Amino acid sequence: MDSLPPGLAERARAFLRGEVDVVPARHAATVVLLRDGRSGLEVYLLRRLASMAFAAGMHVFPGGSVDERDSDPPPSWAGPGAAAWAATLGCAEPLARALVRAAVRETFEESGVLLAGPSAADVVADTTGEAWETDRLALLDRSVSLSALLERRGLVLRSDLLRAWAHWITPEFEPRRFDTRFFVAAVPRGQRARDISGEADLAVWLPVADVIRRVGAGELGMLPPTIIALRELAAYDSLAEVLAAQPRVFPVQPRPVVVGDDVGLVVDGPDGEVFAEDLVRARA
């Protein structure tokens with residue numbers, strides 16, 4: 001069992017005593033960007049600034065909260081529609097549409113990778129020019145929505161480039177809570193993820209196996225849902241295998257338990273209760 005940090009452990013104990021008001025969880029989306037590397041599957045990670053209110057210093061995937069503009073009238077859309085995504089993500093169609101758009105928007109904002117193209121069969125080849133940077137900053141300051149940006153550029157949102165992977169809900173005792181859908185995606189040919197996130201002080205591609213080793217050795221900080229997703233991905237030999245997978249996606253919400261002098265997190269996995277850091281979901 002991995003013990004919680006002292007501050008969170010005390011808050012968890014207070015929650016178990018009924019002394020903590022539960023904060024509503026905000027809907028969010030995060031995208032695991034992947035590519036095939038020389039040493040196997042590689043993942044793109046951001047290290048959040050130490051000053052951040054949530055997950056400070058942690059290595060994370062690009063992502064963030066659903067914005068109200070993610071519910072704007074939909075742009076041209078290729079791939080599974082809202083009804084199909086709603087069934088996959090276990091939510092209503094309007095929220096499913098907003099989650100997919102949030103996933104595409106946040107990925108572009110935090111990595112420069114845009115899952116869109118001029119047609120349902122194409123993808124933008126390069127997003128590194130000055131005009132693209134202006135558009136990215138406009139998304140960040142909320143002066144333009146993703147729908148408006150894609151419409152102006154004549155682009156189609158490529159929902160078929162995303163795959164649903166997991167669904168995690170922050171424990172009820174935490175002061176900042178998110179109801180997060182995890183997606184996986186390949187970096188489109190010609191595009192490159194780059195260090196542009198204002199919320200991170202490091203952006204890096206690393207072999208999945210190396211990340212898992214370094215987290216285990218205490219060299220990288222990582223929240224349980226992030227490392228669990230990577231442990232699951234480590235079972236695949238290539239990006240093609242990941243994109244062909246159909247993992248079981250169900251809501252997972254850890255809850256605190258006191259074990260001796262420590263406080264840890266448990267979840268209800270497909271085979272019963274397990275410690276959060278030990279959960280690896282069935283894939284079929």
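The shown structure was predicted, so the numbers you read here are calculated from the model rather than taken from an experiment.
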Trainee: Could you go through the side-chain contact (heavy atoms from CB on, under 4.5 Å) check for Val263 and Arg13 one step at a time?
Mentor: CA-CA 8 Å; Val263 180; Arg13 293 178 189 275; 3.5 Å; yes
Trainee: Walk me through it: do Asp179 and Trp168 pass the test side-chain contact (heavy atoms from CB on, under 4.5 Å)?
Mentor: CA-CA 6 Å; Asp179 186 333; Trp168 284 82; over 6 Å; no
Trainee: Using the rule that two of Ile, Leu, Val, Met, Phe, Trp, Tyr join whenever any of their side-chain heavy atoms come within less than 4.5 Å, decide whether Phe173 and Val23 are in one cluster.
Mentor: no
Trainee: So does Glu19 have more than 12 non-hydrogen atoms from other groups sitting under 6.0 Å from CD?
Mentor: yes
Trainee: Decide whether a cation-pi geometry holds between Arg153 and Trp132; the criteria are a distance under 6.0 Å from NZ or CZ to the six-membered ring centre and an angle within 45° of the ring axis.
Mentor: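 Yes; both conditions hold, so Arg153 lies above the ring face of Trp132.
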Trainee: Give every donor-acceptor pair under 3.5 Å between a side-chain atom in residues 32-41 and any protein atom, sequence neighbours left out.
Mentor:
unit_1 : atom_1 : unit_2 : atom_2 : d
Arg35  : NE     : Glu42  : OE1    : 2.7
Arg35  : NH2    : Glu42  : OE1    : 3.1
Asp36  : OD1    : Leu239 : N      : 2.8

Trainee: Could you pull out the closest heavy-atom pair between Leu162 and Ala185, with the gap in Å?
Mentor: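 Taking every non-hydrogen atom into account, CD2-CB, 4.1 Å.
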Trainee: Between NE2 of His27 and CD1 of Ile169, what distance do you get to the nearest 0.5 Å?
Mentor: 9.0 Å
Trainee: Are any of the side-chain nitrogens in Asp67 or Arg105 under 4.0 Å away from the carboxylate oxygens of its partner?
Mentor: no
Trainee: Please check if the number of heavy atoms outside Arg214 that lie under 6.0 Å from its CZ is greater than 12.
Mentor: yes
Trainee: Taking CD in Glu219 as the centre, count heavy atoms belonging to other residues, nucleotides or ligands within less than 6.0 Å. Is the count above 12?
Mentor: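 Result for CD/Glu219: enclosed.
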Trainee: Indicate yes or no: does Arg97 engage Asp70 in a salt bridge with an N to O separation below 4.0 Å.
Mentor: no
Trainee: Which pair of non-hydrogen atoms, one from Thr107 and one from Ser111, has the smallest distance, and what is that distance?
Mentor: O-OG, 2.6 Å
Trainee: How many angstroms lie between atom CG of Leu220 and atom CE of Met58, to the nearest 0.5 angstrom?
Mentor: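 Going from CG on Leu220 over to CE on Met58, the span is 9.5 Å.
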Trainee: Quick check for you: to the nearest 0.5 Å, what is the distance between Thr180 atom OG1 and Leu223 atom CG?
Mentor: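 It is 10.0 Å, given to the nearest 0.5 Å.
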Trainee: Is there a donor-acceptor pair under 3.5 Å between the side chain of Arg255 and the backbone N or O of Leu265?
Mentor: no
Trainee: Just by modelled atom types, is the Glu130 backbone N or O under 3.5 Å from a matching donor or acceptor in the Thr134 side chain?
Mentor: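 Indeed, once roles are kept as given, a pair shorter than 3.5 Å links the two residues.
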Trainee: Looking at every non-hydrogen atom in both residues, tell me the closest pair between Ala29 and Leu99 and how far apart they are.
Mentor: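 Heavy atoms of Ala29 and Leu99 come nearest at CB-O, 3.7 Å.
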Trainee: Which pair of heavy atoms, one from Val123 and one from Pro188, lies closest together, and at what distance?
Mentor: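 For Val123 and Pro188, the tightest heavy-atom pair comes out as CG2-CB, 3.7 Å.
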Trainee: Measure across Ala12 and Pro256 and return the closest heavy-atom pair with its distance rounded to 0.1 Å.
Mentor: CB-CB, 3.8 Å
Trainee: Do Arg142 and Glu109 meet the salt-bridge criterion of a basic N to acidic O distance under 4.0 Å?
Mentor: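 Between Arg142 and Glu109 there is a salt bridge, with a charged N closer than 4.0 Å to a carboxylate O.
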Trainee: Got a donor-acceptor contact below 3.5 angstrom from the Arg181 side chain to the His167 backbone?
Mentor: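 Side chain of Arg181 to backbone of His167: no pair is present.
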Trainee: Tell me whether the count of non-hydrogen atoms from other residues, nucleotides or ligands lying under 6.0 Å of CD in Gln253 goes above 12.
Mentor: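 More than 12 heavy atoms, drawn from other residues, nucleotides or ligands, come within 6.0 Å of this atom.
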Trainee: Within a radius of less than 6.0 Å around CG of Asp261, do more than 12 heavy atoms belonging to other residues, nucleotides or ligands occur?
Mentor: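 Open.
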Trainee: Drop me the distance from Arg136's CZ to Glu110's CD, to the nearest 0.5 angstrom.
Mentor: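 The distance works out to 9.0 Å.
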Trainee: What heavy-atom pair brings Ala102 and Val66 nearest, and what distance separates the two atoms?
Mentor: CB-CG2, 3.9 Å
Trainee: Establish whether Ile227 and Leu233 are linked, either directly or via other cluster members, by ILVMFWY side-chain heavy-atom contacts under 4.5 Å.
Mentor: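 Yes, it is one cluster - the side chains of Ile227 and Leu233 are joined through contacts under 4.5 Å.
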Trainee: State plainly whether the residues Arg17 and Glu10 are in salt-bridge range, i.e. N to O under 4.0 Å.
Mentor: yes
Trainee: Are the ring centres of Phe183 and Trp165 closer than 6.0 Å?
Mentor: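 Between Trp165 and Phe183, which both carry aromatic rings, the centre distance is not below 6.0 Å.
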Trainee: Using a strict cut-off of less than 4.0 Å between a Lys/Arg side-chain nitrogen and an Asp/Glu carboxylate oxygen, indicate whether Arg213 and Asp210 qualify as a salt bridge.
Mentor: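 Salt bridge: yes.
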Trainee: With sequence neighbours left out, write down each residue that passes side chain to side chain contact (heavy atoms under 4.5 Å, CB included) with Ser159, or none if nothing qualifies.
Mentor: Trp77, Pro80, Trp85, Val100, Leu157
Trainee: Taking only Lys NZ, Arg NE, NH1 and NH2, and the carboxylate oxygens of Asp or Glu, determine whether Arg194 and Glu133 approach each other closer than 4.0 Å.
Mentor: yes
Trainee: Donor-acceptor pair, distance only, cut-off 3.5 Å: does the side chain of Thr127 make one with the backbone of Val113?
Mentor: no
